[in-house]
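Let me begin by presenting the structure, written as structure tokens, before commenting on it.
All chains are named by letter (A, B, ...) in the order of the sequence lines, taking the proteins before the strands, and each is independently numbered beginning at 1. The basis for the numbers below is simple: all heavy atoms, side chains too, and nothing from hydrogens, waters or symmetry mates.
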There are 2 protein chains.
Amino acid sequence: MKQLPATASVNTQVLTALRAAVISGELVPGNLYSVQVLATQLGVSRTPVREALIKLAQQGMVRFERNRGVRVLLTSLHDLEEVFALRLLLEPPAVRRAVGRLEPAQLKELRRTFVQMERAAKADDEFTMFEHDRRFHRALLEAAGNTRLAAYVDGLRDMVLRRGVSTARESRSLDDIVAEHRTILDLVEAGDADAAAKAMREHVQHTAELLIAQEAGSGPVDVDLAWTEGVMRTH
Amino acid sequence: MKQLPATASVNTQVLTALRAAVISGELVPGNLYSVQVLATQLGVSRTPVREALIKLAQQGMVRFERNRGVRVLLTSLHDLEEVFALRLLLEPPAVRRAVGRLEPAQLKELRRTFVQMERAAKADDEFTMFEHDRRFHRALLEAAGNTRLAAYVDGLRDMVLRRGVSTARESRSLDDIVAEHRTILDLVEAGDADAAAKAMREHVQHTAELLIAQEAGSGPVDVDLAWTEGVMRTH
DNA sequence: CGGTGATGTGTCGCATGCCACTCTCGGAGA
DNA sequence: TCTCCGAGAGTGGCATGCGACACATCACCG
């Protein structure tokens with residue numbers, strides 16, 4: 001675990017470091033860790049470490065076990081299913097609403113983020129690419145005007161990242177991911193809300209299928225995300 | 001603030017007590033409170049109080065202000081809009097999925113909860129009614145098989161409760177609320193997934209409109225929740 | 001040899017100490 | 001009377017003290 005940078009509040013730094021450690025797999029899912037040891041490694045006291053872990057626990061990344069330690073939770077197939085069901089329910093409608101609400105400056109910023117993502121993909125810089133991927137989604141969701149939605153989805157991504165970061169390349173190239181984002185971006189810029197939402201749905205669903213198939217291995221895939229598709233007609 | 005019961009972990013007790021205090025309005029939105037004082041009132045040390053407040057802060061109910069105290073956040077019109085947009089996006093699809101997945105025993109339990117809600121309404125016991133209301137929604141959402149969704153929506157309700165608990169009666173009677181739930185329950189029992197989902201959407205939307213109108217007072221109501229309506233047809 | 005109980009180590013949960021910072025309030029000076 | 005400033009009280013953030021409990025180890029007994 002790397003040492004902390006010098007700036008900013010200790011609590012925030014610790015939270016960032018621990019989250020990164022979990023995502024990167026440095027803190028192995030299923031294993032128990034002691035607050036004391038983590039604090040020593042980070043060069044701080046137990047308090048901020050414990051507080052950061054409480055936040056991660058609320059997010060579902062770890063779990064405290066009394067007098068035993070804190071366990072990094074592993075994401076089961078069912079966890080993936082839950083996360084992607086939520087993303088499918090939230091992201092497409094949010095994108096639909098974001099179209100037309102995006103200021104020109106935001107649109108430009110969005111494209112800038114996309115270009116950076118594209119560049120990272122070309123450079124085979126997986127980590128940087130996922131950073132921009134995240135910013136892309138976040139910017140789009142925030143434009144929908146619902147900060148809670150944006151923040152929640154952003155948190156959900158953490159649960160998937162530690163699956164995706166190390167293994168996505170095996171199943172699909174970074175270029176494919178970029179292409180899906182390009183489609184979304186183009187439709188957003190064209191102002192076609194429904195098509196953009198549909199593209200987002202397909203993108204998320206595609207990601208879900210690949211991750212779930214990979215996680216399930218050769219076993220039977222018992223996953224149903226179809227119910228997340230909007231079919232209501234109230235008028 | 002009432003003294004703590006004797007049982008269970010201190011942290012949990014404190015969390016429950018603080019959440020109840022915020023919802024009941026005992027801790028006034030907009031005001032600053034000191035961890036030390038809260039701890040003394042609850043008869044515990046600062047640590048569990050601080051940890052509970054951290055959880056409430058993550059949920060958006062309070063905010064820490066360094067060297068000043070912890071502020072109970074007030075829910076603005078926009079907050080209500082955000083919360084109900086999320087509920088409209090999540091609850092109807094979840095209900096649609098819950099139908100047909102509910103075991104007979106769960107169905108029976110759901111009806112039992114409804115009957116208790118009805119009884120509390122008859123007795124004009126507002127608080128108990130909202131307790132059962134919450135359990136009703138929670139049971140339905142959990143039946144959809146997505147624990148994260150259920151937990152998240154449950155958390156969202158806290159943001160609204162401290163508006164609704166004291167004021168709902170001014171705008172609509174408890175019986176009306178019960179009637180909407182009866183509609184949902186009947187459709188769920190009849191196995192009509194789409195209709196149940198539609199009923200849930202209308203229930204949530206109705207609640208949103210009343211709370212938002214009441215919050216806005218006579219001022220202009222600039223709220224748009226229509227975008228949460230599912231209109232996708234991907235095939 | 002197998003089972004069992006004591007003991008030691010490590011852990012969290014909770015209490016407390018300490019520090020830098022913010023805000024208040026009163027008094028001195030114009 | 002008004003302004004300014006400084007001392008004091010109060011706060012959250014972080015560090016640390018302490019006790020009860022979980023688990024592993026190992027000696028001892030059947």
Side-chain angles (χ1 to χ4, degrees), chain A residues 1-19 21-22 26-74, chain B residues 1-19 21-22 26-74:
Chain A
M1 191 161 326
K2 81 172 198 294
Q3 214 65 11
L4 294 171
T7 57
S9 115
V10 177
N11 200 311
T12 305
Q13 295 290 330
V14 170
L15 180 62
T16 304
L18 287 178
R19 173 176 283 129
V22 171
E26 192 173 354
L27 296 180
V28 183
N31 282 19
L32 274 172
Y33 295 89
S34 121
V35 173
Q36 174 67 72
V37 172
L38 293 175
T40 304
Q41 289 175 336
L42 290 169
V44 298
S45 86
R46 310 192 310 264
T47 306
V49 174
R50 176 171 168 82
E51 293 180 355
L53 286 172
I54 286 175
K55 294 177 184 174
L56 293 182
Q58 274 219 317
Q59 198 181 331
M61 294 182 71
V62 303
R63 182 182 60 202
F64 279 89
E65 300 188 7
R66 180 167 183 132
N67 296 331
R68 289 175 45 82
V70 53
R71 188 180 300 278
V72 179
L73 296 179
L74 35 82
Chain B
M1 190 160 327
K2 83 173 201 291
Q3 214 64 12
L4 295 171
T7 55
S9 113
V10 177
N11 202 312
T12 305
Q13 295 290 330
V14 170
L15 181 62
T16 304
L18 288 177
R19 173 177 283 130
V22 171
E26 193 173 353
L27 296 180
V28 183
N31 282 18
L32 275 172
Y33 296 91
S34 120
V35 174
Q36 173 68 71
V37 172
L38 293 174
T40 304
Q41 288 176 337
L42 291 170
V44 298
S45 84
R46 310 192 309 261
T47 307
V49 174
R50 176 171 167 83
E51 292 179 356
L53 287 171
I54 286 176
K55 293 176 184 174
L56 293 182
Q58 274 221 314
Q59 199 182 329
M61 294 183 72
V62 303
R63 182 184 58 205
F64 280 91
E65 301 187 5
R66 183 170 182 127
N67 296 329
R68 289 174 46 84
V70 53
R71 188 182 300 279
V72 179
L73 296 178
L74 34 83

Kindly give the heavy-atom pair with the smallest separation between A:Val28 and A:Tyr33, and that separation in Å.
N-OH, 2.8 Å
Rounded to the nearest angstrom, tell me the gap between atom CD in A:Gln36 and atom C1' in D:dT16.
10 Å
What integer distance in Å separates B:Leu15:CG from C:dG13:C1'?
15 Å
Return the CG to OG1 distance between A:Asn11 and A:Thr47, rounded to the nearest 0.5 Å.
10.0 Å
Take atom CG of A:Leu38 and atom C1' of D:dA15, then tell me their distance rounded to the nearest Å.
17 Å
Closest listed nucleotide, where the reference is the side chain of B:Val37 and the choices are D:dA15, D:dT11, C:dC12
D:dT11
Where is the tightest heavy-atom contact between B:Val14 and B:Ala52, given as atom of each residue plus distance?
CG1-CB, 3.8 Å
May I have the distance from B:Tyr33 (atom OH) to D:dG12 (atom P), rounded to whole angstrom?
13 Å
Atom CG in A:Asn31, atom CG in A:Leu74: separation rounded to 0.5 Å?
9.5 Å
Test item: B:Arg71 side-chain N/O and B:Gly30 main-chain N/O as donor-acceptor pair under 3.5 Å
yes
Just verifying a value: how many Å separate A:Glu51 CD and B:Lys55 NZ, rounded to the nearest 0.5 Å?
11.5 Å
One should read off an interatomic distance between A:Arg46 CZ and A:Leu38 CG, to the nearest 0.5 angstrom, of 12.5 Å
Checking D:dC14, D:dT11, C:dC14 against the side chain of A:Asn11 (C-beta onward), the nearest is D:dC14
Rounded to whole Å, how long is the line connecting atom CZ of B:Arg68 with atom P of D:dT11?
12 Å
Between A:Val22 and A:Val72, which heavy-atom pair has the shortest distance, and what is it?
CG1-CG1, 4.0 Å
Compute the angle between the rotation axes at the two ends of the helix from C:dC1-D:dG30 to C:dA30-D:dT1, each taken over five pairs, rounded to 10 degrees.
10°
Can you list, by residue number, the residues of residues 45-67 of chain A that have a non-hydrogen atom closer than 4.0 angstrom to DNA chain C?
A:Arg46, A:Arg50, A:Phe64, A:Glu65, A:Arg66, A:Asn67
